Novice: 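The structure that follows is given in the form of structure tokens.
Sequential numbering from 1 along the given sequence is applied to the chain's residues. Note that the structure is predicted; figures quoted are calculated from it, not measured.
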Amino acid sequence: MLVVLGPVDSVEVCRWIKFARRIICELRLDPDDLHGVVTDDMLVSWSRLIDQWERQAIDEPTFRWSEALESDQAEYLLHGFERCLQSRSIRQSSTAEERETQRQFSMHIVQAFVDGLSEEGRSCQHYVDQVRTSVGSFLDH
């Protein structure tokens, strides 16, 4: 499946990356309510994506990125990300202003994964519906 992000202002992406890296560091130290969900593998996988996004965002004023992922891997990454969006510990370790500032790009990421999984057909549709129920009011479509 293909995950497509952008076009987004690269400054916004770089701001989100800084926030995301801080959250990843905190989760490595203490996953708290995400214990068992946010594994070392999950954090490494997200860190790799974030590194790719940073390289892309630094090189161009407008951020665009796409990559083919296995649908299983995409579901795994989206599940962890969606749980982070709902996490009590992440809410407590960030300010309301930080969360609001990062919400737009975070939802852009969720939307990109949902769109990619939707293209995979019926095999992913149940999970896509769950994500839409969980964060649907913040998604573009």
Side-chain angles (χ1 to χ4, degrees), residues 1-60 62-141:
M1 64 159 263
L2 187 63
V3 177
V4 179
L5 295 174
V8 177
D9 183 341
S10 290
V11 171
E12 180 182 341
V13 176
C14 288
R15 199 173 326 149
W16 183 90
I17 287 169
K18 183 178 178 181
F19 176 77
R21 284 200 170 126
R22 188 189 95 214
I23 297 299
I24 287 172
C25 287
E26 290 172 5
L27 290 171
R28 280 194 170 110
L29 292 173
D30 182 11
D32 196 20
D33 64 326
L34 295 169
H35 185 75
V37 173
V38 178
T39 62
D40 286 338
D41 179 59
M42 169 102 38
L43 295 173
V44 166
S45 295
W46 272 108
S47 292
R48 273 193 220 120
L49 284 177
I50 289 168
D51 289 345
Q52 290 177 26
W53 297 347
E54 182 176 47
R55 285 189 296 275
Q56 189 75 24
I58 288 171
D59 289 342
E60 300 292 332
T62 302
F63 173 81
R64 288 180 174 86
W65 175 88
S66 63
E67 184 168 313
L69 298 174
E70 294 292 325
S71 56
D72 294 6
Q73 179 72 1
E75 282 188 27
Y76 172 70
L77 291 170
L78 180 56
H79 174 71
F81 191 75
E82 190 268 332
R83 291 288 305 273
C84 285
L85 293 173
Q86 307 297 330
S87 168
R88 171 190 46 79
S89 63
I90 291 176
R91 279 193 310 276
Q92 290 174 344
S93 71
S94 58
T95 67
E97 182 180 341
E98 283 177 315
R99 291 188 306 276
E100 187 57 37
T101 300
Q102 307 313 324
R103 182 185 322 269
Q104 185 173 355
F105 189 66
S106 293
M107 289 303 108
H108 185 71
I109 294 167
V110 172
Q111 187 70 65
F113 275 81
V114 164
D115 289 347
L117 287 166
S118 292
E119 292 295 317
E120 290 296 294
R122 295 181 58 126
S123 63
C124 299
Q125 196 57 49
H126 179 70
Y127 180 63
V128 165
D129 291 343
Q130 286 179 333
V131 172
R132 283 189 174 130
T133 298
S134 175
V135 297
S137 62
F138 296 108
L139 296 177
D140 294 342
H141 54 277

Novice: Could you tell me whether the side chain of S10 and the main chain of F63 form a donor-acceptor pair under 3.5 Å?
Specialist: yes

Novice: Strictly below 4.0 Å, N to O, side chains only: are E12 and R15 in salt-bridge contact?
Specialist: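 Here E12 does not pair with R15 in a salt bridge, since their nearest N and O are not under 4.0 Å apart.
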
Novice: Quick test of your reading of the model: are R21 and D51 salt-bridged, counting only N-O distances below 4.0 Å?
Specialist: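 Result for this pair is yes, salt bridge flagged.
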
Novice: Would you say R83's side chain and L34's backbone share a donor-acceptor pair under 3.5 angstrom?
Specialist: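 A pair under 3.5 Å: no.
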
Novice: Using a strict cut-off of less than 4.0 Å between a Lys/Arg side-chain nitrogen and an Asp/Glu carboxylate oxygen, indicate whether E98 and R22 qualify as a salt bridge.
Specialist: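 So E98 pairs with R22 through a salt bridge.
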
Novice: For I17, does its backbone N or O pair with a side-chain atom of E54 as donor and acceptor, under 3.5 Å?
Specialist: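 A pair under 3.5 Å: no.
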
Novice: Could you report the tightest heavy-atom contact between V4 and A112, atom names first, then the distance?
Specialist: O-CB, 3.2 Å

Novice: When E100 is tested against each of R103, Q104, Q102 for side-chain hydrogen bond (donor to acceptor under 3.5 Å, both in side chains), which residue passes?
Specialist: R103

Novice: Does the distance from a Lys or Arg side-chain N to an Asp or Glu carboxylate O, for R88 and D32, drop under 4.0 Å?
Specialist: yes

Novice: L85 versus V110: any side-chain heavy-atom pair under 4.5 Å?
Specialist: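 Of all side-chain heavy-atom pairs linking V110 with L85, at least one is under 4.5 Å.
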
Novice: Evaluate E26 against S94 for side chain to side chain contact (heavy atoms under 4.5 Å, CB included), listing each step before the verdict.
Specialist: CA-CA 11 Å; E26 290 172 5; S94 58; over 6 Å; no

Novice: Kindly check if the number of other-residue, nucleotide or ligand heavy atoms within 6.0 Å of CG (D40) is above 12?
Specialist: no

Novice: Is it the case that atom CD in Q92 sees more than 12 heavy atoms from other parts of the structure closer than 6.0 Å?
Specialist: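 Count over threshold, so yes.
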
Novice: Taking ring pair (Phe, Tyr, Trp, His ring centres under 6.0 Å) as the cut-off, I'd like each qualifying pair that reaches into residues 67-91, sequence neighbours left out, listed once.
Specialist: W46-F81

Novice: Hey, is the main chain of L5 close enough, under 3.5 Å, to the side chain of H108 for a donor-acceptor pair?
Specialist: no

Novice: Around E119, counting heavy atoms of other residues, nucleotides and ligands shown, do more than 12 lie under 6.0 Å from its CD?
Specialist: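 Counting other residues, nucleotides and ligands, CD of E119 stays at 12 neighbours or fewer.
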
Novice: With sequence neighbours left out, what residues match E75 under side chain to side chain donor-acceptor pair (under 3.5 Å)?
Specialist: none

Novice: Can you check whether Q130's main-chain N or O pairs, donor with acceptor, with S134's side chain at less than 3.5 Å?
Specialist: no

